[in-house]
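Presented below is the structure to which this report refers.
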Amino acid sequence: MNRQTLLTTATAMVAKGKGILAMDESTGTCHKRFKKAGIEETIDQRQAYRDLLVTTPGLSSHISGAILYDETIRQNTLSGVPFAQFIEKQGILPGIKVDAGAKDLAGHPGEKVTEGLDGLRERFVEYKKMGARFAKWRAVITIGPGIPSHACIQANAHALARYAALAQEADLVPIVEPEVLIDGDHTLERCYEVTRATLRRVFSELAGQGVAFEGMILKASMVISGKSCPKQAGVEDVARETVRCLLNTVPPAVAGIAFLSGGQGTQQATAHLNAMNRMKLTLPWPLSFSYARALQQPTLEAWAGKKENVAQAQKLLLRRAKFNGAATLGLYREEMEKEAA
Ligand code: 13P
């Protein structure tokens with residue numbers, strides 16, 4: 001493990017004014033989103049869409065890294081350059097999703113455990129050769145009646161730690177993503193409790209596996225009301241409780257925290273991040289973003305699978321990247337949404 005390489009990469013990933021573009025949807029998830037937007041679900045359209053994202057002019061002013069899916073890191077851009085190489089040339093760090101997805105947890109109805117540890121050391125060697133500088137593994141924790149169970153939190157935290165140790169062994173910065181899902185009618189308070197329990201277990205397992213905190217990024221979900229909770233917490237409440245939860249659980253040595261958007265609205269995800277960065281607190285880590293839907297949604301809809309829409313779709317991506325970049329500095333204002341794309 002080369003600590004200096006890990007530290008340098010991790011620091012660049014959460015540079016102020018920038019964040020990470022998550023574009024690592026599995027083929028299944030990508031197709032679900034394509035279908036909804038009326039886009040043909042083919043390999044050519046997937047390549048064309050990912051090409052659109054990474055060739056957006058000016059993207060590197062607000063985007064520090066891009067997480068790719070296995071299919072994409074093996075593909076070329078439409079101009080014939082391998083995706084990872086193209087991205088790196090733009091001044092954006094290429095990353096790779098390495099987990100094999102969340103599967104049903106045996107004996108625990110309604111709960112998932114993320115798989116993908118088998119053969120991971122060898123896959124890291126391969127991804128590194130293809131140009132990856134960092135990696136991502138996502139675990140999901142569901143809130144519901146009587147869940148999450150201790151077994152679910154434990155199994156996911158352990159797998160995250162095993163993954164993170166293997167990533168660092170290969171000198172790739174692990175993004176450790178324990179996502180507490182927004183689905184359900186739970187309150188903000190319940191989300192706080194579950195997120196705190198999850199993060200405590202995750203950091204205990206990471207320590208147990210000898211992971212260097214300064215060479216990793218935490219991809220956290222925000223402490224937020226369940227999507228169908230009748231009482232929705234406001235922006236300031238989400239910001240305050242999220243930061244309080246992180247301060248109670250995340251070691252100060254961690255290089256940075258990049259939030260996922262998790263089904264929040266695009267403007268909402270930006271407003272929450274901004275509110276956290278406006279708080280008059282000195283935090284031990286930069287608070288940034290690693291959004292997929294909150295960055296891509298307007299772009300995907302504007303593109304609709306048609307070449308003639310590429311330029312407008314790219315403008316919309318740049319706009320969300322710019323607003324979220326501003327939110328890492330606490331400089332986003334709602335009025336900015338009125339600016340024409
Ligand atoms: P969302 O921002 O759409 O939640 O996606 C982030 C991500 O990478 C999920 O793993």
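Remember, it's a predicted structure, so these values are computed and weren't measured experimentally. Ligands are counted one by one from 1 in listed order, and the atoms in each one are counted from 1 as well.
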**Message:** Can you list every protein residue that has a heavy atom under 4.0 Å from any atom of ligand 1, sorted by chain and residue number?
**Reply:**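 A22, D24, K136, R138, E177, K219, L260, S261, G262, S290, Y291, A292, R293.
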**Prompt:** Would a 4.5 Å heavy-atom cut-off, applied to side chains only, mark T27 and Y69 as touching?
**Reply:**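 Sidechains of Y69 and T27: in contact.
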**Asked** Looking only at heavy atoms, which two atoms of A132 and I73 are closest? And how far apart?
**Response**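 Scanning both residues completely, I find the closest heavy atoms to be CB-CD1, 4.2 Å.
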Whether [Y] and [X] form a salt bridge (side-chain N of Lys/Arg under 4.0 Å from carboxylate O of Asp/Glu) is what I want to check.
{"X": "E241", "Y": "R244", "value": "yes"}
{"X": "E126", "Y": "R123", "value": "no"}
{"X": "K35", "Y": "E41", "value": "no"}

**Request:** Only one of K36, Q45, R46 passes side chain to side chain donor-acceptor pair (under 3.5 Å) with H31; say which it is.
**Result:**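 Result for side chain to side chain donor-acceptor pair (under 3.5 Å) with H31: R46.
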